[in-house]
Amino acid sequence: MRLSRYFLPVLKETPSEAQIVSHRLMLRAGMIKQSSAGIYSWLPLGYKVLKNIETIVHEEQIRAGHIPMLMPTLQPADLWRESGRYDDYGEEMLRITDRHKRDMLYGPTNEEMITDIFRAHVGSYKDLPLTLYHIQWKFRDEIRPRFGVMRGREFLMKDGYNFDIDKDAALHAYNRHLVSYLRTYERMGLQAIPMRADSGPIGGDDTHEFLVLADTGESEVFYDSEITDLKFGDRAIDYDSVEECRAVLDEFTSRYARTDETHDEAEFAKVPEARRRTARGIEVGQIFYFGTKYSEAMGAVVDNGKGGKVPVHMGSHGIGVSRLLGAIIEASHDDKGIIWPEGVTPFHCGIVNLRQGDTATDAACAALYARITELGLEPLYDDREERAGGKFATMDLIGLPWRITVGPRGLANGLVELTSRRTGDSEEMTPEAAVSRIAEIYGKL
RNA sequence: CGGGGCGUAGCGCAGUCUGGUAGCGCAUCUGUUUUGGGAACAGAGGGUCGUAGGUUCGAAUCCUAUCGCCCCGACCA
């Protein structure tokens, strides 16, 4: 993309409504624009990152054997009356009446709706196990939205639901989700620690929250420092293997790691003192096993193959897709702006033309642009009539992980400069070498 | 919902106390000179002062109502 043709309304000054760094940077980098409290438009740059995150979530869900679909944002109130949650959910649920005076609501989650779909079409144990998920906008009418997309009222969320014949099978689904979530967050350049959590209004017996450590996190967390050394990495895993999934779960949850809701001082005291950590975390996902809570209330039963009918065992699992943008920025920025991990960056690299209009410089930039595009990567080429300082400041602000700087001075020796946004290290090299390095970084060799 | 604050140009703000026909910086547009970390000069455009009533010869300014936004708290992915 040529910056001169793009829509990137960056702000030099910080809008006064933004308090925390991710919100400020998202506004300044022209990623979002507030529409009303806790509701945002996603401008092109923000939309691109949002889609990248969404894509990673989809890929990892599908890899784990989960099936994508899409349910509506508006739901009939009757479904929620059936489960008993219409009253339980309270003021957070946005209630709407249609022209026929039917009670509707803007879904804050989808347990009821998916259970309704399930019971309409699935009747036999032979159809199990089954895990369906979707990525859809949700609405929770927070009393006080804040922190930009980290706690908006409207938010994009992946929510998935597993249906299994018994508790053991459902717990395997639970474990499988935990593994897939570890992979998902790591691909985004995040370390998200699974912590024992509280089930809240979803209800249920077993639940873990995934937290990204950041000073601005809303939850206080307590953990054994050994846990931050764990990496899921590149390991191959058979998602159908109960043992393999279980082993990963054990590995990642055996050390002490809890939010303040479930924190237990006596247990925490058993962790060697030097490894005890108290910090703050941003919740970016949660998994639940809740058994037959919804299936019993709503009659989601299957033939068990022995002449009887049993309610299915269920769990649900969420990833806060839009919230992740804020979490990633909180975890990855400096005083100049955002630093995108390669996995989610809106553009793979920037090309900065220091002398727009200079024949040789323009040609070198155009050639770089073409080569990188041919690799299947997307560069952002700053071809504006702008001074060097302004171009650098924009690139630093929007946080592209790599920048190729092209100017007459270096070009006289046949060289361009490749700069890492994260370390600030620069290296002079030929344009060909720069293209190779970019290709290598993104696994395109 | 309790407490506090703020709505004036795209963004950041002054002006409000003490009423007199709206201003500064950045951004935008034009021109000239510049050009490796947010350039300089000259000029230009842009605001029914959140909205609606009221007081007054006259309201951004005073009064009333209302809408919106932000912060602290309770609540929450």
Side-chain angles (χ1 to χ4, degrees), chain A residues 9-20 23-24 27-28 30 33-40 89-93 107-110 137-159 192 195 197-202 207-212 217-219 259-261 281-288 316-327 335-337 352-358 361 382 384-397 403-412 415-417 419 424 426 428:
Chain A
V10 299
L11 305 173
K12 197 180 274 190
E13 287 171 284
T14 304
S16 57
E17 76 254 30
Q19 297 301 312
I20 63 166
H23 190 194
R24 284 202 294 264
L27 290 167
R28 287 196 51 214
K33 181 182 185 307
Q34 179 165 318
S35 167
S36 56
I39 302 178
Y40 294 86
Y89 228 94
E91 291 292 311
E92 250 185 49
M93 178 183 279
T109 177
N110 284 69
W137 292 94
K138 307 285 192 295
F139 197 94
R140 290 182 196 172
D141 200 0
E142 297 282 344
I143 299 167
R144 185 154 87 88
R146 63 186 110 173
F147 304 151
V149 300
M150 295 245 291
R151 194 165 151 201
R153 292 192 291 172
E154 187 181 53
F155 57 97
L156 188 62
M157 179 176 167
K158 170 261 165 184
D159 47 321
M195 299 197 179
D198 195 49
S199 63
I202 307 283
T207 179
H208 281 89
E209 281 179 345
F210 288 77
L211 287 113
V212 173
E218 74 275 50
S219 316
T259 64
D260 47 5
E261 295 160 330
I282 301 167
E283 193 193 325
V284 293
Q286 188 161 8
I287 55 177
F288 301 89
S316 71
H317 330 86
I319 293 179
V321 174
S322 49
R323 159 176 275 212
L324 271 165
L325 274 90
D335 55 355
K336 293 186 224 163
V352 171
N353 185 335
L354 291 178
R355 189 71 62 87
Q356 200 66 41
D358 177 83
T361 314
D382 191 343
R384 296 172 302 164
E385 298 286 348
E386 183 82 33
R387 298 166 64 86
K391 292 191 176 189
F392 291 147
T394 298
M395 284 292 173
D396 288 345
L397 174 62
R403 184 184 83 206
I404 303 174
T405 309
V406 183
R409 193 193 293 172
L411 229 41
L415 299 175
V416 298
E417 195 177 77
T419 306
S426 281
E428 283 205 310

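Heavy-atom basis, side chains included; hydrogens, waters and symmetry copies ignored. Order of the sequence lines fixes the chain letters, A, B, ..., with proteins taken first and strands second; residue numbering starts at 1 for each chain.
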Task: Interatomic distance at C1', B/C26 relative to B/C17, whole Å - done: 29 Å
TODO: Determine the interatomic distance between P on B/U35 and the same-named atom on B/C72; round to the nearest Å.
DONE: 47 Å
TODO: Determine which nucleotide pairs with B/U21, using a 3.5 Å limit on both distances of a Watson-Crick or G-U wobble pair.
DONE: none
Open item on the list: Counting distance alone, no hydrogens or angles: does the base of B/C76 have a donor or acceptor under 3.5 Å from a partner atom on the side chain of A/Arg140?
Closed with: no
TODO: Tell me what A/Gly407 touches on the nucleic acid: a base, only sugar-phosphate, or nothing, going by heavy atoms under 4.0 Å.
DONE: base
TODO: Searching all strands shown, indicate the nucleotide that pairs with B/C62 (Watson-Crick or G-U wobble; both distances under 3.5 Å).
DONE: B/G54
Task: d(CZ, A/Phe392; C1', B/U35) in whole Å - done: 12 Å
Task: Spacing of A/Glu92 atom CD and A/Ile143 atom CD1 [to the nearest 0.5 Å] - done: 7.5 Å
Open item on the list: I need the A/Met195 CE to A/Glu209 CD distance, nearest 0.5 Å.
Closed with: 9.0 Å
Task: Student check: side-chain heavy atoms of A/Arg28 and A/Thr14 closer than 4.5 Å - done: yes
Task: Donor/acceptor link under 3.5 angstrom from A/Glu13 side chain onto base of B/G25 - done: yes
Task: Distance in angstrom units between A/Gln356 CD and B/A39 C1', rounded - done: 18 Å
Task: Distance, rounded to the nearest Å, where A/Glu218 contributes CD and B/A74 contributes P - done: 14 Å
Open item on the list: Just to be sure I understand the rule, does A/Glu92 reach a base, reach only the sugar-phosphate, or reach nothing, if contact means heavy atoms closer than 4.0 Å?
Closed with: sugar-phosphate
- [ ] Whole angstrom is fine here: how far is it from CZ in A/Arg153 over to C1' in B/C70?
- [x] 14 Å
TODO: Could you say whether A/Gly152 or A/Gly410 is positioned toward the 5' end of RNA chain B, judged by the nucleotide with the nearest heavy atom to each?
DONE: A/Gly410
Open item on the list: With rounding to the closest Å, how many angstrom separate the C1' atoms on B/A59 and B/U21?
Closed with: 11 Å
Task: Nearest-angstrom distance from the residue atom CG of A/Asp382 to P of B/G36 - done: 15 Å
TODO: Round to the nearest Å and state the distance from A/Glu386 atom CD to B/G37 atom P.
DONE: 13 Å
Task: Base-pairing mate for B/C6 - Watson-Crick or G-U, with both contacts under 3.5 Å - done: B/G68
Open item on the list: I'd like the P distance from B/C69 over to B/G31, given in whole Å.
Closed with: 42 Å
TODO: May I ask you to evaluate whether A/Arg146 reaches the phosphate of B/C72, defined as a side-chain N or O under 4.0 Å from OP1 or OP2?
DONE: yes
Open item on the list: From the set B/G12, B/G37, B/U35, return the single nucleotide nearest to any side-chain atom of A/Lys336.
Closed with: B/G37
Task: B/C49 versus B/A40 - spacing of their C1' atoms, nearest Å - done: 33 Å
TODO: Could you give the distance separating B/G7 and B/G50 at their P atoms, to the nearest angstrom?
DONE: 8 Å
TODO: Rounded to whole angstrom, note down the C1' distance from B/G53 over to B/C70.
DONE: 27 Å
Task: Phosphate-side-chain proximity, A/Ser16 and B/C6, N/O vs OP1/OP2 below 4.0 Å - done: no
Task: B/G37 base / A/Arg403 side chain donor-acceptor hit below 3.5 Å - done: yes
Task: Paired nucleotide for B/C76 [Watson-Crick or G-U wobble; both distances under 3.5 Å] - done: none
Task: Nearest-neighbour nucleotide for the A/Lys12 side chain, B/C75, B/C11, B/G38 considered - done: B/G38
Task: Separation of atom CD1 in A/Ile20 from atom P in B/C72, rounded to whole Å - done: 10 Å
Open item on the list: Return the CZ to OG1 distance between A/Arg384 and A/Thr394, rounded to the nearest 0.5 Å.
Closed with: 4.5 Å
Open item on the list: Any strand counts, and the cut-off is 3.5 Å on both contacts for Watson-Crick or G-U wobble. Which nucleotide pairs with B/U28?
Closed with: B/A44
Task: Nearest-0.5 Å distance, CG of residue A/Asn353 to NZ of residue A/Lys391 - done: 5.0 Å
Task: Sugar-phosphate only, base, or nothing, as touched by A/Ala393 at under 4.0 Å among non-hydrogen atoms - done: base
Task: Pair partner, B/C49 [Watson-Crick or wobble, under 3.5 Å] - done: none
Open item on the list: OP1 or OP2 of B/A39 versus the side-chain N and O atoms of A/Arg387: is any pair under 4.0 Å?
Closed with: yes
Task: Electrostatic pair A/Glu142-A/Arg151, nearest N-O below 4.0 angstrom - done: yes
Open item on the list: Measure CE/A/Met395 against C1'/B/G36 and give the value in whole Å, please.
Closed with: 15 Å
Open item on the list: Counting the atoms with a prime plus P, OP1 and OP2 as sugar-phosphate, which does A/Glu17 contact under 4.0 Å by heavy atoms, base, sugar-phosphate, or nothing?
Closed with: sugar-phosphate
Open item on the list: Does A/Gly389 reach a base, just sugar-phosphate, or nothing at all? Heavy atoms under 4.0 Å.
Closed with: sugar-phosphate
Open item on the list: I'd like to know if A/Arg144 reaches the base of B/C69 with its side chain, counting only an N/O donor and acceptor under 3.5 Å.
Closed with: no
Task: Value rounded to 0.5 Å, distance of OH in A/Tyr40 from CZ in A/Arg153 - done: 10.0 Å
TODO: Measure the NZ-CG distance between A/Lys33 and A/Leu27 for me, rounded to the nearest 0.5 Å.
DONE: 9.5 Å
Open item on the list: If I compare all heavy atoms of A/Ala327 with all of A/Val212, which pair ends up nearest, and what's the gap?
Closed with: O-CG1, 4.5 Å
- [ ] Consider the side chain of A/Ile143, meaning its heavy atoms from C-beta on, and name the nucleotide among B/C71, B/U35, B/C1 that approaches it most closely.
- [x] B/C1
Task: Upstream residue (5' side of RNA chain B) when A/Phe155 and A/Arg384 are each assigned their closest nucleotide - done: A/Arg384
- [ ] Among the candidates B/C69, B/G12, B/C75, find the nucleotide nearest to the side-chain atoms of A/Gln34.
- [x] B/C69
Task: Rounded distance in Å between the P positions of B/U51 and B/G43 - done: 33 Å
TODO: Select one nucleotide: of B/G38, B/G36, B/C69, the one nearest the side-chain heavy atoms of A/Thr394.
DONE: B/G38
Open item on the list: From C-beta outward on A/Thr405, which listed nucleotide comes closest to its side chain: B/G36, B/G38, B/C71?
Closed with: B/G36
